[in-house]
Structure formats: structure tokens, C-alpha cells
Protein chains: 2
Amino acid sequence: MASVTSLPHPDMSEVRLTDVLFALSDPARLEIVRELAGGPLSMAECGTFNPALPKSTKSHLFKVLREAGVVRNEPQGRGRVLHLRRDELDRAFPGLLDSVLAAAV
Amino acid sequence: MASVTSLPHPDMSEVRLTDVLFALSDPARLEIVRELAGGPLSMAECGTFNPALPKSTKSHLFKVLREAGVVRNEPQGRGRVLHLRRDELDRAFPGLLDSVLAAAV
DNA sequence: AGGATTGTTCAAGTATTATCGAACCATGGC
DNA sequence: GCCATGGTTCGATAATACTTGAACAATCCT
């Protein structure tokens, strides 16, 4: 089985608006995005809004965000760091992330 | 059974961002919203991107959009007119609709 | 090497959503 | 009243998505 240290990320050119909107349409995922807007975080640092969340569930939330092109998940040390793909998203969908992050909870 | 001529619409104060994002996250629904951005349309006039869509399916798409606070559905004559709740959405989620409508298909 | 740490993947169950025909409801016009 | 028109609702089925424990993988540290 292939190594899994590096996960696949879609190129922004193949990211569809509806996929991004869907990824952001879940409260838990949106909250994660809000946290990542402050800067990259490890998975452990992220998702503090619900500390009881099992790691498999959390991993799945990140997978949806990653496959939608919203976050980047990169190995670092024995863990992983999550980045919001902010600049790329801003170029592809100008104003979208800003308005979502600015909106009231 | 109660009359169904007037359908319930959520007040913007109870519309959640995630519900709006979800409503917009389906390609067919997003396309409808794009059409309505040009002005109110009857259901028959709307959804021309897929003429074969059964009316029950179409009605369901509008229901999701209506319940998410995205469109208003009002009786007119023997049919109904659909409006994008643009001003209200702009006040509640500034810039969101603009960025979504501006984005490439 | 071995163990602790940090996540990912798999699989199975549950829940939500989509689709669409058929039945129904309301209006307009004859 | 009666019928055609335009649309909603119901009910059943199919398709997606969510949740989680358990197994596995990669890295660090001693």
C-alpha cells in the first residue's frame, strides 16, 4: 500500500464553487475554517470547540475540507499541519472567504 | 388541511449561514439562484438549464432554497413568483451573494 | 529496536438528502 | 360548475453523507 504521509490536494483549477460551499456548510467544518483563519494549526490544536470529537471523525472533517480545496494538510514532525488555502481561494473565488469569515456565527 | 397558497418563509434573523451555504452548494440550486439574480421568475420560467426536470423535483429545490432564506415564493395569479431575497441576504451576510454570483461557473 | 504520539483508513451502521410519480390543491377562464 | 394550468405534498426508493471504533502507518525519542 502506498505511503500516506502526503495526501492529495486538488489544484485550484479543478475546485468547484459548489464543493467549497458544501464544505463550508457544516457548522463543525466552518468552525475549523474560522480557527485556521488565524494561522496554521496541528490537528490536535484545531477543533477545540468540541474536545470530545473522536479523532477519526475529526480526520474525516479535514478530509472533506481538503478534497474541496479549502485546506492543505501537510506532514510535519510526527503530526500534521493544516493551512487554510486562503490566497488561492481568494484568487479563485474573490470575496467568498472574506464574507463567510466576516459573517456572524 | 390548511391552505397552501402562502408558504412559510424564515425571518432573516433565524437564517443560519451554514443553511444558506448548503442551499447554494447544489449545482442545480445555484443555477436557479443565478437565474433569479436577473429578477423574479415564475417556476415555469425558472430552471431552463434543465427542461426535463420533473416539477416535483423542481418544487423540492425551491423548497430548500426557501427554507434556507434564499428565495421568496409568493402566489401570483394561478402560479407563483420566485424572488431572490437579495437585499435581506446582503444585510445579513454582506458580500456573500455578490461573491457567489461573481464566481465562475 | 521498542514504545509513545499523531493521524489516516477501513468498515459498518445510521441519518440525511435527492428523485420522481401520483395525488392533491388553488386559481383563472369559459 | 367544470376544466385546464401551475405548483405543492406525499410516499417510496436510491444515493450521499456522517459517525465511530478498530486497525494500521509514520515519526520521534530513548
Side-chain angles (χ1 to χ4, degrees), chain A residues 1-9 16 18-32 35-36 40-68 70-83, chain B residues 1-9 16 18-32 35-36 40-68 70-83:
Chain A
M1 183 89 162
S3 164
V4 77
T5 53
S6 180
L7 297 166
H9 293 82
R16 288 175 310 175
T18 47
D19 294 334
V20 174
L21 294 174
F22 181 80
L24 299 176
S25 74
D26 177 72
R29 289 192 298 255
L30 181 54
E31 187 55 37
I32 287 170
E35 288 181 1
L36 291 179
L41 294 173
S42 70
M43 197 173 101
E45 295 167 320
C46 204
T48 53
F49 60 92
N50 184 358
L53 213 55
K55 59 182 182 172
S56 57
T57 303
K58 220 155 141 182
S59 186
H60 177 67
L61 294 174
F62 286 117
K63 183 182 184 184
V64 175
L65 287 168
R66 173 174 53 81
E67 290 179 343
V70 177
V71 306
R72 207 173 269 288
N73 178 340
E74 300 192 334
Q76 181 165 111
R78 84 185 95 178
R80 282 163 180 289
V81 190
L82 299 151
H83 301 255
Chain B
M1 182 94 158
S3 163
V4 77
T5 53
S6 181
L7 296 166
H9 293 81
R16 287 176 310 175
T18 48
D19 293 335
V20 174
L21 293 174
F22 179 80
L24 299 176
S25 74
D26 176 73
R29 288 193 299 256
L30 181 55
E31 188 55 38
I32 287 170
E35 289 181 0
L36 291 179
L41 294 173
S42 70
M43 198 173 99
E45 295 167 322
C46 204
T48 52
F49 58 93
N50 184 358
L53 213 55
K55 59 182 182 173
S56 57
T57 302
K58 219 156 141 182
S59 187
H60 177 68
L61 294 174
F62 286 118
K63 183 182 184 184
V64 174
L65 288 168
R66 173 174 53 80
E67 291 178 343
V70 177
V71 306
R72 207 173 271 288
N73 178 340
E74 299 191 336
Q76 181 166 111
R78 86 185 94 179
R80 283 163 180 288
V81 191
L82 299 152
H83 301 256

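Below, chains carry the letters A, B, ... as their sequence lines are ordered, and counting in each starts from 1.
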**Report entry** nucleotides 12-20 of chain D: protein proximity per nucleotide (B base, S sugar-phosphate only, - neither; heavy atom, under 4.0 Å)
**Finding:** -----SSBB
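You'll find the side chain of B:Glu67 stays beyond 4.5 Å of the side chain of B:Pro8, heavy atoms only. The shortest side-chain heavy-atom distance between A:His9 and A:Asn73 falls under the 4.5 Å cut-off. For the pair A:Leu82 and A:Glu45, the minimum side-chain heavy-atom distance is 4.5 Å or more. Side-chain contact between A:Glu35 and A:Phe49 is present, with heavy atoms from C-beta onward closer than 4.5 Å. For the pair A:Leu61/A:Asp26, a side-chain contact is recorded, criterion being any heavy-atom separation below 4.5 Å from C-beta on.
Distance, A:Ile32 CD1 to C:dG7 C1': 14 Å, rounded to whole Å. Per the geometry, CG belonging to B:Asn50 stands 13 Å off C1' belonging to C:dC20, to the nearest Å. In this structure, CZ of A:Arg66 is placed 12 Å from C1' of C:dG7, rounded to the nearest angstrom. Following rounding to the nearest Å, A:Met43 (CE) and D:dT27 (P) show an atom-to-atom distance of 17 Å. Straight-line distance from the CD atom of A:Glu74 to the P atom of C:dT8: 13 Å, rounded to whole Å. B:Arg80 has its CZ atom 9 Å from the P atom of D:dG7, to the nearest Å. Rounded to an integer number of Å, the gap from B:Leu82 CG to D:dT8 C1' is 12 Å. Protein atom CZ of B:Phe62 is 18 Å distant from nucleotide atom C1' of C:dT17, rounded to whole Å.
Listed candidates were C:dT8, D:dC29, C:dG28. Nearest to the side chain of A:Arg78 is D:dC29.
Here the shortest heavy-atom pairing between A:Ala68 and A:Val20 reads O-CG2, 3.6 Å.
Rotation axes derived from the C1' atoms of the five outermost pairs at either end of the helix from C:dA1-D:dT30 to C:dC30-D:dG1 lie 20° apart, to the nearest 10°.
The shortest distance between the side-chain N/O atoms of B:Asn73 and the OP1/OP2 oxygens of D:dT8 is below 4.0 Å.
Distance alone, capped at 3.5 Å, is enough to place a donor-acceptor pair between the B:Arg29 side chain and the B:Phe22 backbone.
Heavy-atom contacts from other residues, nucleotides or ligands closer than 6.0 Å to CZ of A:Arg72 number more than 12. The environment of A:Lys58 atom NZ is dense: over 12 non-hydrogen atoms of other residues, nucleotides or ligands sit within 6.0 angstrom.
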